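Data first, discussion second: the structure below is written as structure tokens.
In the text below, chain A, chain B and the rest are named by the order of the sequence lines, each starting its count at 1. Everything numeric in this text was worked out from a predicted model, so none of it was measured.
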Number of protein chains: 2
Amino acid sequence: MLSFVEENYLKAIYHLSNSGAEAVTTNALAEEMHTTPASVSDMVRKLSKKEVVHYKKYQGVNVSEEGKLIALRVIRKHRLWEVFLVQKLDFNWDEVHDVAEQLEHIKSPLLIQRLDEFLGFPKYDPHGDPIPDENGQFTESKREALSNTETGTTGVVVAVEDSGTAFLKYLDKVGISIGSKITVDDIIEFDGSMDITIDQKKSITVSKTVANNIWLA
Amino acid sequence: MLSFVEENYLKAIYHLSNSGAEAVTTNALAEEMHTTPASVSDMVRKLSKKEVVHYKKYQGVNVSEEGKLIALRVIRKHRLWEVFLVQKLDFNWDEVHDVAEQLEHIKSPLLIQRLDEFLGFPKYDPHGDPIPDENGQFTESKREALSNTETGTTGVVVAVEDSGTAFLKYLDKVGISIGSKITVDDIIEFDGSMDITIDQKKSITVSKTVANNIWLA
DNA sequence: TATTTTTTTTAGATAAACCTAAACAGTATC
DNA sequence: GATACTGTTTAGGTTTATCTAAAAAAAATA
Ligand SMILES: [Mn+2]
Ligand SMILES: [Mn+2]
Ligand SMILES: [Mn+2]
Ligand SMILES: [Mn+2]
């Protein structure tokens with residue numbers, strides 16, 4: 001059984017490696033975990049001994065098959081709790097992440113099974129991220145970052161980055177949510193910012209940073 | 001902010017002292033926490049420095065006003081989560097305690113406020129224990145242990161001890177739950193066991209230990 | 001009251017997770 | 001190819017919460 005700190009490391013490694021595709025550097029992991037490279041080296045050696053990561057000195061780290069499943073189960077819990085908070089307790093989508101960071105470490109298979117059932121077996125969390133099943137399986141619907149589209153494109157917002165409160169509050173302010181229809185009117189060469197129309201009504205300009213964090217399908 | 005270990009100590013001190021009435025001995029606390037007297041001495045000194053307990057060497061320990069409020073807020077969370085698990089997730093009353101022991105340490109005032117609302121502001125948990133409000137206030141309804149009653153007494157089960165799974169499963173088996181009407185038919189002098197009738201239908205004999213853990217009103 | 005027993009505290013160690021500072025490996029630059 | 005720079009690991013130390021063993025205080029018994 002892993003500690004909640006170890007679970008958080010595993011989750012971070014999984015995310016930084018693009019779901020296990022690439023090796024993660026010590027520095028990148030240190031930044032993600034808000035800690036020092038030295039601490040990361042210690043922890044990664046420990047996780048390696050527990051065989052939940054593959055690791056060779058100076059070569060970076062990645063999740064093992066076992067580690068990947070553990071990470072996906074924590075992610076499953078995180079996203080189910082986020083659905084609960086929004087759908088049942090009327091939390092706004094910008095208020096759920098920090099609480100879910102705590103709730104994701106509660107150990108009780110029965111609890112998660114029943115919660116899933118109570119919520120009607122949701123497939124996506126409030127930010128549009130897919131919820132893995134007990135075996136780590138989920139359907140990866142193809143989606144494209146708004147920043148990657150061309151002028152004239154029209155698409156529906158299927159997900160947004162679940163990072164900080166500030167970004168989500170900004171989306172609330174300009175009226176973008178999951179399901180919004182976005183039309184790309186113009187792309188400014190200089191800085192990559194975009195003129196877009198939301199639900200064929202409101203036209204606004206968003207920075208490249210914002211466009212990077214909105215996914216369309 | 002206290003660690004979850006410190007919160008658990010505070011809660012144990014509060015319970016063992018009869019809600020703060022008496023001083024708790026080091027040995028009693030060690031047994032309750034499944035740890036050693038030496039560890040308790042260490043922790044109690046630490047809690048004393050944080051002013052959440054009153055403590056003088058060799059004199060036992062008790063919660064301070066501040067510590068009492070912290071303990072009651074943890075108890076509030078524990079009991080609200082137990083209600084959630086039973087009423088919303090269909091847990092049996094013997095399955096909730098261990099999960100609630102984890103959930104009670106989640107830090108989010110908004111979560112608890114909303115959970116309370118979602119549950120319809122319950123006053124009692126699934127075992128009949130009162131749920132304190134945000135300020136630690138709760139109505140202590142007068143109740144009497146079944147073992148303290150006399151032959152011929154009739155009463156309604158208002159609470160049962162929320163200790164282990166075994167006891168609650170036993171109550172399920174014999175058909176005792178919150179709200180059951182109990183009549184005391186006979187008390188066996190030798191060992192204090194009691195012949196009782198449940199809901200004017202089923203007659204059984206319960207040991208003194210069992211009778212000690214059932215409260216009537 | 002003196003002695004024994006019990007309870008409690010202190011001393012010294014350990015493991016987890018972190019830190020800073022120093023050493024080492026790998027890469028880029030002259 | 002030597003030198004500088006960046007990234008990573010190791011060494012050594014801290015804090016929290018635990019432990020065992022020994023010392024000290026309080027309570028019980030003779
Ligand atoms: Mn989240
Ligand atoms: Mn999310
Ligand atoms: Mn309980
Ligand atoms: Mn209870």
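- Picking from C:dT9, D:dT8, D:dT18 the nucleotide with the shortest atom distance to the side chain of B:Val5 gives D:dT18.
- Between B:His127 and B:Trp93, the ring planes lie parallel to each other; the angle is under 30°, not in the 30° to 60° tilted range.
- Residue whose closest nucleotide on DNA chain C sits further toward the 5' end, between A:Asp42 and B:Arg45: B:Arg45.
- Note on B:Tyr9: a side-chain N or O is less than 4.0 Å away from OP1 or OP2 of D:dT18.
- Rounded to whole Å, the distance from NZ on A:Lys49 to C1' on D:dT9 is 15 Å.
- Whole-Å rounding puts the B:Met33 CE to D:dT16 P distance at 17 Å.
- In this structure, B:Tyr58 atom OH and D:dA25 atom P are separated by 6 Å, rounded to whole Å.
- The separation between B:Phe4 atom CZ and D:dT18 atom P is 8 Å, rounded to whole Å.
- Residue A:Val157 comes nearest to A:Ser177 through the heavy atom pair CB-O, 3.6 Å, listed as atom of the first residue, atom of the second, then distance.
- Between A:Phe84 and A:Trp81, the angle of the ring planes goes over 60°, which puts this pair in the perpendicular group of the 30/60° scheme.
- Here the nucleotide nearest the side chain of A:Thr25, chosen from C:dT9, D:dT10, D:dT8, is D:dT8.
- Rounded to whole angstrom, the span from the CD atom of B:Gln59 across to the P atom of C:dT9 amounts to 10 Å.
- For A:Lys57, the listed nucleotide lying nearest its side chain is D:dT9; candidates were D:dT18, D:dT9, C:dT9.
- Within the structure, a side-chain polar atom (N or O) of A:Thr36 is placed less than 4.0 Å from OP1 or OP2 of C:dC19.
- Between D:dT8 and A:Asn27, a contact under 4.0 Å exists linking OP1 or OP2 to a side-chain N or O.
- Regarding A:Asn8, its CG atom lies at a distance of 9 Å from the P atom of C:dC18, rounded to whole Å.
- Each of A:Thr35 and B:Ser41 lies near DNA chain C, and the nucleotide nearest B:Ser41 is the one positioned closer to the 5' end.
- At distances below 3.5 Å, not a single donor-acceptor pair connects side-chain atoms of B:Asn18 with backbone N or O atoms of B:Ala21.
- Per the geometry, CE belonging to B:Met43 stands 16 Å off P belonging to C:dT10, to the nearest Å.
- Atom OH of B:Tyr55 and atom C1' of C:dT8 are 7 Å apart (whole Å).
- Note on A:Thr26: only backbone sugar-phosphate atoms sit closer than 4.0 angstrom, heavy atoms only; bases stay farther off.
- To the nearest 0.5 Å, atoms CD1 (A:Ile131) and CZ (A:Phe138) are separated by 11.5 Å.
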